[in-house]
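Below: the structure, in structure tokens.
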Amino acid sequence: NIAEIQVFRGLHVASVTGLTVGMEGGGLRLSWNASDNAAVYRIYRRVAESDYLLLGLCDGGAAYLDRTARPGTEYFYTVTVVDSESNESGYCREQSRVRVLTADLDGNHVVDGRDFSILSRQWLADGSMTPSADIARDGGDGWVDTSDFNALTEQWLSANSEYQQF
């Protein structure tokens, strides 16, 4: 008896390498090394002890901007490759904890005295502008006040914590 064996091409799709995450324009920018056989990339995200959920698809290159990341939340990301035959790779190496620093008001990737200065200039402003220092965890209330000062102080004090800061 001769058994017929079928060999399927492309069942093994190499995983993404080089995943990095950085802050960009109000979101988190994911980038990775492009894969030659990628038809689309699937971006997955999870929080704390939860399972990964599909966040989005990327078919135009090796980068994705997550504009849904909530300030002060710790996220874990991974990416897979899907080839033209719909075979999906395994997860790439997870990007370790990412915390969005809402109190980094000047965008220099640290919470420091300059951020306190920005907050103080916007303190109880007349409401004619949307204040960038309205960073309280409740989503903001349109004013820069003690809840925002407390949020900035908390992030400043935790500068040497376990969280990754960009």
Side-chain angles (χ1 to χ4, degrees), residues 1-112 115 130-140 148 151-152 154-166:
N1 289 337
I2 299 175
E4 192 173 315
I5 299 173
Q6 290 184 325
V7 177
F8 295 96
R9 283 184 55 224
L11 284 182
H12 177 72
V13 179
S15 297
V16 165
T17 60
L19 176 62
T20 60
V21 180
M23 293 191 334
E24 178 183 305
L28 294 174
R29 166 71 81 196
L30 286 72
S31 59
W32 54 89
N33 299 327
S35 173
D36 292 337
N37 62 345
V40 67
Y41 297 96
R42 289 185 178 158
I43 296 84
Y44 294 90
R45 181 178 79 182
R46 70 180 182 88
V47 293
E49 301 298 320
S50 67
D51 293 330
Y52 281 114
L53 297 175
L54 180 63
L55 177 64
L57 302 172
C58 178
D59 60 1
Y64 182 85
L65 183 60
D66 179 4
R67 294 186 186 277
T68 65
R70 292 185 51 154
T73 302
E74 186 177 5
Y75 292 105
F76 299 82
Y77 293 93
T78 191
V79 177
T80 62
V81 176
V82 180
D83 68 14
S84 60
E85 297 174 9
S86 298
N87 299 307
E88 185 172 10
S89 72
Y91 293 140
C92 72
R93 174 175 274 157
E94 175 179 81
Q95 170 62 36
S96 62
R97 302 177 202 185
V98 177
R99 183 179 182 186
V100 179
L101 293 176
T102 57
D104 177 23
L105 302 175
D106 64 354
N108 69 348
H109 309 301
V110 294
V111 179
D112 56 18
D115 302 305
T130 302
S132 62
D134 184 19
I135 59 171
R137 290 181 194 260
D138 60 5
D148 304 301
L152 190 143
E154 177 184 307
Q155 289 185 31
W156 177 71
L157 289 172
S158 69
N160 295 317
S161 74
E162 64 187 2
Y163 295 102
Q164 176 181 346
Q165 298 183 7
F166 297 101

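Taking CD of Glu94 as the reference point, atom CZ of Arg45 lies at 13.0 Å (rounded to 0.5 Å). Put simply, CG on Asp134 and CG on Asp148 are 4.5 Å apart, with the number rounded to the nearest 0.5 Å.
Nearest heavy atom pair, residue Gly90 against residue Ser15, reads O-OG, 3.3 Å. Of all the heavy atoms in Val81 and Ala14, the pair that sits closest is CG2-O, 3.7 Å. Shown here for Thr80 and Tyr44, the closest heavy-atom pair between the two residues is OG1-CE1, 3.6 Å. Nearest heavy-atom pair across Val16 and Trp32 is CG1-CB, 3.4 Å.
In this structure a side-chain-to-backbone donor-acceptor pair under 3.5 Å is present from Asp115 to Leu105. Between the side chain of Thr78 and the backbone N or O of Cys92 there is at least one donor-acceptor pair closer than 3.5 Å.
Using a 4.5 Å heavy-atom cutoff, the side chains of Leu55 and Thr68 are in contact. With contacts defined as side-chain heavy-atom distances shorter than 4.5 Å, the pair Val47/Tyr75 qualifies. Two residues are said to be in side-chain contact when any heavy atoms from C-beta on lie closer than 4.5 Å; Leu30 and Leu19 meet this criterion.
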I'd like a table of donor-acceptor pairs (distance under 3.5 Å, sequence neighbours excluded) in which one partner is a side-chain atom from residues 34-43, with atom names and distances.
residue: Ser35; atom: OG; partner: Asn37; partner atom: OD1; Å: 2.6
residue: Tyr41; atom: OH; partner: Ser35; partner atom: N; Å: 2.8
residue: Arg42; atom: NH1; partner: Glu88; partner atom: OE1; Å: 2.7

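Tyr91 pairs with exactly one of Phe76, Tyr52, Tyr77 by the ring-ring contact (aromatic ring centres under 6.0 Å, His included) rule, that one being Tyr52.
Listed by chain and residue number, nothing satisfies the ring-ring contact (aromatic ring centres under 6.0 Å, His included) test with Tyr64 (two or more places apart in sequence, or in another chain). Applying the salt bridge (Lys or Arg N to Asp or Glu O under 4.0 Å) rule to Arg93 yields no partners; only residues at least two apart in sequence or on another chain are considered.
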